[in-house]
Q: 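Provided herewith is a single structure, encoded as structure tokens, for subsequent inquiry.
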Amino acid sequence: MAAEQGIPALQALLEAEAPHLLEKREKKERREGLPELKNAVKGKVVLRFAPNPNGPLSFGHARGIVINGNYAKEWDGKLILRFDDTDTVVKPPLPVAYKQIPEEAEWLLGFKPHRIVIASEQMPHYYEHATQMLEEGFGYVCQCSGETFKEFRVSKTECPCRDNTPSLNIELWTKMMDGTFVPGDAVVRVKTAMDLKNPALRDWPALRIQNTAEHPHPRESIGSKYRVWPLLDFQSAVEDKIQGVTHIIRGKDLMDSTRKQVLLYEHFGWTYPETTYWGRVKVHEWGGFSTSQMRRDIEAGLFTGWDDPRLPTLSALRSRGITAKALRDFWVELGVTQKDISVPLSTLYSHNTKSIDDDAPRLSFIRQPESVTLDGEHPNQVEVEVHPNHTSRGMRTFDVSNKVIWIENEDLLKSEVRLKGFANIQIEGKKAQMGSIDRNDRRPIIHWLPEPSTSNATLLVAEDGEVKHIEGKLETHSYPEGTMVQLERIGYARVIDSTTLIFTHS
RNA sequence: GCUCGUAUAGUGUAGUGGCCCAUCAUGAAGGACUCUCAUUCCUUCGACCCGGGUUCAAAUCCCGGUACGAGCACCA
């Protein structure tokens with residue numbers, strides 16, 4: 001048709017018959033930030049981040065906080081911080097974590113989580129739902145051993161306990177509660193089809209007995225009060241319903257957990273929240289990390305504490321000078337794909353540089369200092385900028401009236417150098433012949449310090465699993481603890497006290 | 001073994017059938033600016049796992065393969 005009647009005729013026809021085809025599609029633009037949250041309603045979104053408080057937060061936890069927190073903020077919703085502390089034996093909670101985690105979360109987010117929920121305080125709710133499950137017959141008390149049940153699960157055989165009447169189940173439930181049964185004797189299971197394709201889902205366990213006499217819950221108000229405890233899949237499912245959670249974003253290792261929970265929601269007649277997953281993240285330099293392992297290592301004295309700069313905890317990163325903004329930008333950039341990824345620390349560092357460089361005052365720190373005596377005429381004072389991009393921040397004054405300066409051992413080998421902000425020199429042994437005050441050639445520029453108003457200082461560097469103490473001469477300063485500074489020609493560091501710094505990154 | 005998931009430059013990431021000889025960041029190399037090996041700016045490098053199929057048209061949909069990861073705990 002185009003050939004016979006020409007393009008205009010075609011266009012006219014289209015305009016009459018199907019004008020939408022002529023509309024130019026908008027140029028696709030690169031999506032900024034996180035992907036759109038499915039089925040989200042402004043102001044109605046409820047998300048949660050639910051760590052086990054068996055230790056303070058680690059780098060990996062930050063993802064859960066940042067992603068869920070950003071969505072909550074974006075949709076004017078709520079972020080719940082929930083302590084899933086229902087295991088007193090295998091990964092028991094750590095009391096300090098209840099206080100530390102909310103503080104760390106707030107630091108990271110820039111706002112307080114809207115609600116804090118502690119699972120161990122919600123036990124009556126879980127019991128109530130467990131009872132309902134037994135009464136209505138979609139759950140049962142199973143007295144088979146773990147081994148026996150495993151065989152049933154693999155062979156798709158129905159466990160004989162499935163046939164218990166509701167009244168028998170309630171009777172057995174009472175025995176779980178009153179101490180007649182001990183751990184291992186009985187467990188409450190959720191009924192599913194035993195021929196489900198996925199073996200992980202078949203009649204999954206919902207509550208078990210824990211020996212809380214020997215392993216009391218570390219929260220004093222709970223202690224040995226309860227013997228029967230919900231497992232994650234049950235506790236989390238019920239709690240999400242109670243709290244009105246609308247969206248769950250979590251690791252893809254919990255995909256089968258979602259499937260189990262959906263089965264439970266169907267029994268209760270509830271609708272499961274919208275769920276998305278992210279894949280596993282490894283940091284090149286750290287490999288994997290487990291809170292339980294860190295806890296053991298700290299208790300064994302391998303590390304000084306949870307904020308030991310070698311550890312990938314949030315408190316350690318923070319005390320090393322990684323900012324909350326850098327962590328947020330980092331995790332948002334990684335997004336919520338289900339890919340398993342491995343990222344180098346340099347990615348985090350580049351975000352950190354962006355967040356601190358503009359503020360960080362410059363300081364001179366001389367490693368392996370060597371003293372050199374200036375030979376020749378020169379002014380008694382030298383002024384150097386606090387920040388090269390912000391002259392309004394003033395100058396640092398170096399007093400060179402006694403002619404003795406410190407330079408790095410390494411720089412001593414170069415004969416013709418320029419003292420930054422001062423003058424050219426020619427190094428001959430321990431003497432430095434003064435050259436031009438004006439910069440009149442391209443010779444290398446080195447950082448240096450005058451002998452007065454200089455302190456012996458230590459730069460702590462966490463590297464290759466150890467904390468190195470680098471001694472040197474530090475420019476006298478009065479920046480408070482926590483200030484991020486840039487050590488000229490070395491990198492960024494965080495002030496611990498007037499003579500101690502911790503290295504952040506270059 | 002059974003089940004589930006993922007696969008775009010070195011590393012991350014955008015992309016849901018035509019705008020894609022593919023986006024952005026990071027990285028590397030070079031350069032500009034600069035009295036820091038910093039910051040900022042510019043340039044260059046570099047990718048759709050493999051094989052089929054559907055379609056006028058596939059990074060995008062389907063099937064198979066491969067690789068990697070996860071679950072199958074009385075852990076979270």
Side-chain angles (χ1 to χ4, degrees), chain A residues 24-32 35 50-54 83-93 119 142 144-146 149-150 153-154 156 183-189 196-202 204-210 228-229 231-233 235-236 251-260 277 279-282 284 291-292 329-330 332-335 337-344 346-351 353-354 356-358 360 362 364 384-385 387-390 418-424 437-439 442-447 486-492 506:
Chain A
K24 267 199 174 166
R25 233 202 293 181
E26 271 179 42
K27 175 84 180 166
K28 266 182 211 158
E29 275 178 31
R30 186 187 153 80
R31 201 199 71 229
E32 289 279 327
N52 176 0
N54 63 337
F83 295 101
D84 280 352
D85 58 345
T86 56
D87 171 23
T88 68
V89 181
V90 185
K91 293 176 182 171
C142 174
C144 302
S145 69
F149 192 85
K150 191 171 184 177
R153 181 172 52 230
V154 172
K156 301 185 181 179
D185 283 354
V187 59
V188 175
R189 294 187 181 279
L196 285 173
K197 275 176 73 180
N198 189 342
L201 312 184
R202 297 172 195 156
W204 55 273
L207 300 100
R208 85 310 206 174
I209 304 167
Q210 296 192 97
V228 178
W229 285 82
L231 287 151
L232 171 87
D233 297 319
Q235 176 269 128
S236 173
K252 69 173 184 181
D253 52 314
L254 294 173
M255 275 182 156
D256 282 348
S257 182
T258 298
R259 297 182 183 106
K260 290 181 203 171
Y277 308 92
R280 193 178 146 144
V281 173
K282 268 192 200 167
H284 246 99
T291 303
S292 312
D329 292 347
F330 173 86
V332 168
E333 184 176 62
L334 258 46
T337 66
Q338 288 187 31
K339 251 193 282 187
D340 297 314
I341 56 176
S342 178
V343 284
S346 58
T347 307
L348 175 63
Y349 292 163
S350 103
H351 285 293
T353 297
K354 284 188 178 72
I356 60 177
D357 182 76
D358 201 51
R362 271 47 176 172
S364 192
V384 192
E385 287 158 329
H387 194 299
N389 303 343
H390 301 285
R418 179 168 179 82
L419 301 176
K420 184 170 156 45
F422 185 19
N424 292 346
I437 293 290
D438 291 324
R439 191 179 180 199
R442 309 276 297 179
R443 67 176 66 197
I445 294 164
I446 65 167
H447 66 296
Q486 191 208 60
L487 303 178
E488 288 168 328
R489 294 176 71 219
I490 298 173
Y492 301 94
S506 54

Q: Looking at every strand, decide which applies to A:I341 at a 4.0 Å heavy-atom threshold: base, sugar-phosphate, or nothing.
A: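 Touches sugar-phosphate only.
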Q: Expressed as a whole number of Å, how far does the C1' atom of B:rC49 sit from that of B:rU44?
A: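 Roughly 27 Å separates the two C1' atoms.
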Q: Have a look at A:C142 and say if it touches a base, only the backbone sugar-phosphate, or nothing, with a 4.0 Å heavy-atom cut-off.
A: nothing
Q: Using a cut-off of strictly less than 4.0 Å, decide whether A:R208 has a side-chain nitrogen or oxygen near OP1 or OP2 of B:rC75.
A: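 Yes, because at least one side-chain N or O of A:R208 sits under 4.0 Å from OP1 or OP2 of B:rC75.
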Q: Give, for atom CG of A:L207 and atom CG of A:D233, the distance between the pair rounded to the nearest 0.5 Å.
A: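 Reported value, rounded in 0.5 Å steps: 11.0 Å.
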Q: Considering non-hydrogen atoms only, spot the tightest contact between A:T347 and A:E333 and give its length.
A: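 Nearest heavy atoms, A:T347 then A:E333: CG2-OE1, 3.8 Å.
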Q: How many angstroms lie between CG in A:N198 and CZ in A:R259, if you round to the nearest 0.5 Å?
A: 6.5 Å
Q: Rounded to whole Å, please give me the gap between CG in A:D329 and P in B:rA25.
A: 14 Å
Q: Could you encode protein contacts along nucleotides 39-45 of chain B as a string, one character per nucleotide from 5' to 3', using B for base contact, S for sugar-phosphate-only contact and - for no contact, with a heavy-atom cut-off of under 4.0 Å?
A: B------
Q: Measure the distance from CG on A:L201 to P on B:rC4 and round it to the nearest whole Å.
A: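 About 10 Å, once rounded to whole Å.
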Q: What pairs with A:F83 under ring-ring contact (aromatic ring centres under 6.0 Å, His included), at least two apart in sequence or on another chain?
A: A:Y98
Q: How many whole angstroms separate atom CG of A:L334 from atom C1' of B:rC24?
A: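 After rounding, the reported distance stands at 14 Å.
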Q: Sticking with atom P, work out how far B:rC75 lies from B:rU66, rounded to a whole angstrom.
A: 36 Å
Q: Tell me what A:R439 touches on the nucleic acid: a base, only sugar-phosphate, or nothing, going by heavy atoms under 4.0 Å.
A: sugar-phosphate
Q: When you compare B:rA38 with B:rA47, how far apart are their C1' atoms, in angstrom units rounded to a whole number?
A: 31 Å
Q: Side chain of A:L231 only, heavy atoms from C-beta on: which candidate in B:rC75, B:rU13, B:rC35 is closest?
A: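 Within the option list, the nearest is B:rC75.
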Q: Can you name the nearest heavy-atom pair linking A:S364 to A:H447, along with the distance?
A: OG-CD2, 3.5 Å
Q: Can you see if the side chain of A:K339 gets near the phosphate of B:rU8 - specifically, an N or O under 4.0 Å from OP1 or OP2?
A: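 For B:rU8, OP1 or OP2 has a side-chain N or O of A:K339 closer than 4.0 Å.
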Q: Name all residues meeting the side chain to side chain contact (heavy atoms under 4.5 Å, CB included) criterion together with A:V90; count only those two or more places apart in sequence or in a different chain, and write none if there are none.
A: A:D87
Q: At what distance, to the nearest 0.5 angstrom, does OG of A:S506 lie from CD of A:Q486?
A: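 One gets 10.5 Å once the value is rounded to the nearest 0.5 Å.
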Q: Between B:rU16 and B:rU23, how far is it from one C1' atom to the other, in whole Å?
A: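 Looking at atom C1' only, B:rU16 and B:rU23 are 16 Å apart.
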Q: Go through A:R362 and A:K420 one step at a time and tell me if the side-chain contact (heavy atoms from CB on, under 4.5 Å) criterion holds.
A: CA-CA 12 Å; A:R362 271 47 176 172; A:K420 184 170 156 45; over 6 Å; no
Q: Examine the side chains of A:D358 and A:H390 and answer whether a donor and an acceptor come within less than 3.5 Å of each other.
A: yes
Q: State whether A:K197 places a side-chain N or O below 4.0 Å from either non-bridging phosphate oxygen (OP1 or OP2) of B:rC4.
A: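 For B:rC4, OP1/OP2 do have a side-chain N/O of A:K197 under 4.0 Å.
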Q: Of all residues at least two apart in sequence or in a different chain, which pass the ring-ring contact (aromatic ring centres under 6.0 Å, His included) check with A:Y349?
A: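 Result, ring-ring contact (aromatic ring centres under 6.0 Å, His included) vs A:Y349: A:H505.
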Q: With heavy atoms under 4.0 Å as the rule, sort A:S342 into base, sugar-phosphate or nothing.
A: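 Sugar-phosphate contact only - A:S342 comes under 4.0 Å of backbone atoms but never of a base.
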Q: Any donor-acceptor pair under 3.5 Å joining the side chain of A:K91 to the base of B:rC75?
A: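 Checked by distance alone, the answer is yes.
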Q: Relative to the 5' end of RNA chain B, which residue comes earlier, A:A186 or A:P388, by the nucleotide with the nearest heavy atom?
A: A:P388
Q: Let me know which of A:T86, A:D85, A:D84 forms a side-chain hydrogen bond (donor to acceptor under 3.5 Å, both in side chains) with A:Q235.
A: A:D84
Q: Tell me the interatomic distance from A:H351, atom NE2, to B:rG27, atom C1', rounded to whole angstroms.
A: 13 Å
Q: CG of A:N389 to CG of A:D357: how many Å apart, nearest 0.5 Å?
A: 7.0 Å
Q: Mind checking the NE2-CG spacing from A:H351 to A:D329? Nearest 0.5 Å is all I need.
A: 6.0 Å
Q: Taking atom P of B:rU13 as reference, at what distance in whole Å does atom CZ of A:F330 sit?
A: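 After rounding, the gap between these two atoms is 10 Å.
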Q: Give, for atom NZ of A:K150 and atom CZ of A:R202, the distance between the pair rounded to the nearest 0.5 Å.
A: 13.0 Å
Q: Please classify the nucleic acid contact of A:G335 as base, sugar-phosphate, or nothing, using heavy-atom distances under 4.0 Å.
A: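 No contact.
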Q: Roughly, in whole Å, what's the span from CG in A:L196 to P in B:rC72?
A: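 Computing the A:L196:CG to B:rC72:P distance gives 16 Å.
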Q: Quick one: label A:G184 by what it contacts on the DNA or RNA (base, sugar-phosphate, nothing), any heavy atom closer than 4.0 Å.
A: base
Q: On a whole-Å scale, what distance lies between the C1' atoms belonging to B:rG46 and B:rG27?
A: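 Straight-line distance between the two C1' atoms is 11 Å.
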Q: Of A:Q338 and A:P205, whose closest RNA chain B nucleotide lies nearer the 5' terminus?
A: A:Q338
Q: Quick one: what's the B/S/- string for nucleotides 63-71 of chain B, heavy-atom cutoff under 4.0 Å, read 5' to 3'?
A: ------SSB
Q: Among B:rA76, B:rG12, B:rA7, find the nucleotide with the atom closest to the side chain of A:D84.
A: B:rA76
Q: Let's test your reading of the pairing rules: Watson-Crick or G-U wobble, both distances under 3.5 Å, then write RNA chain B as a dot-bracket string with ( ), [ ], | and dots.
A: (((((((..(((.....[.....)))((((((.......))))))...(((((..]....))))))))))))....
Q: Please report the distance separating the C1' of B:rG30 from the corresponding atom of B:rC68, rounded so that it comes out in whole Å.
A: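 Here B:rG30 and B:rC68 have their C1' atoms 36 Å from each other.
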Q: Without decimals, in angstroms, what is the distance between A:R189 CZ and B:rC72 P?
A: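 Taking CZ of A:R189 and P of B:rC72, I get 13 Å after rounding.
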Q: With rounding to the closest Å, how many angstrom separate the C1' atoms on B:rC2 and B:rU8?
A: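 Comparing C1' positions in B:rC2 and B:rU8 gives a spacing of 31 Å.
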Q: Would you classify A:T337 as touching base, sugar-phosphate or nothing, given that sugar-phosphate means primed atoms plus P, OP1 and OP2, and contacts are heavy atoms under 4.0 Å?
A: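 Sugar-phosphate only.
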Q: Please measure how far the C1' atom in B:rG17 lies from the corresponding atom in B:rU54, and state the result in whole Å.
A: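 Looking at atom C1' only, B:rG17 and B:rU54 are 11 Å apart.
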Q: What integer distance in Å separates A:I445:CD1 from B:rC33:P?
A: 13 Å
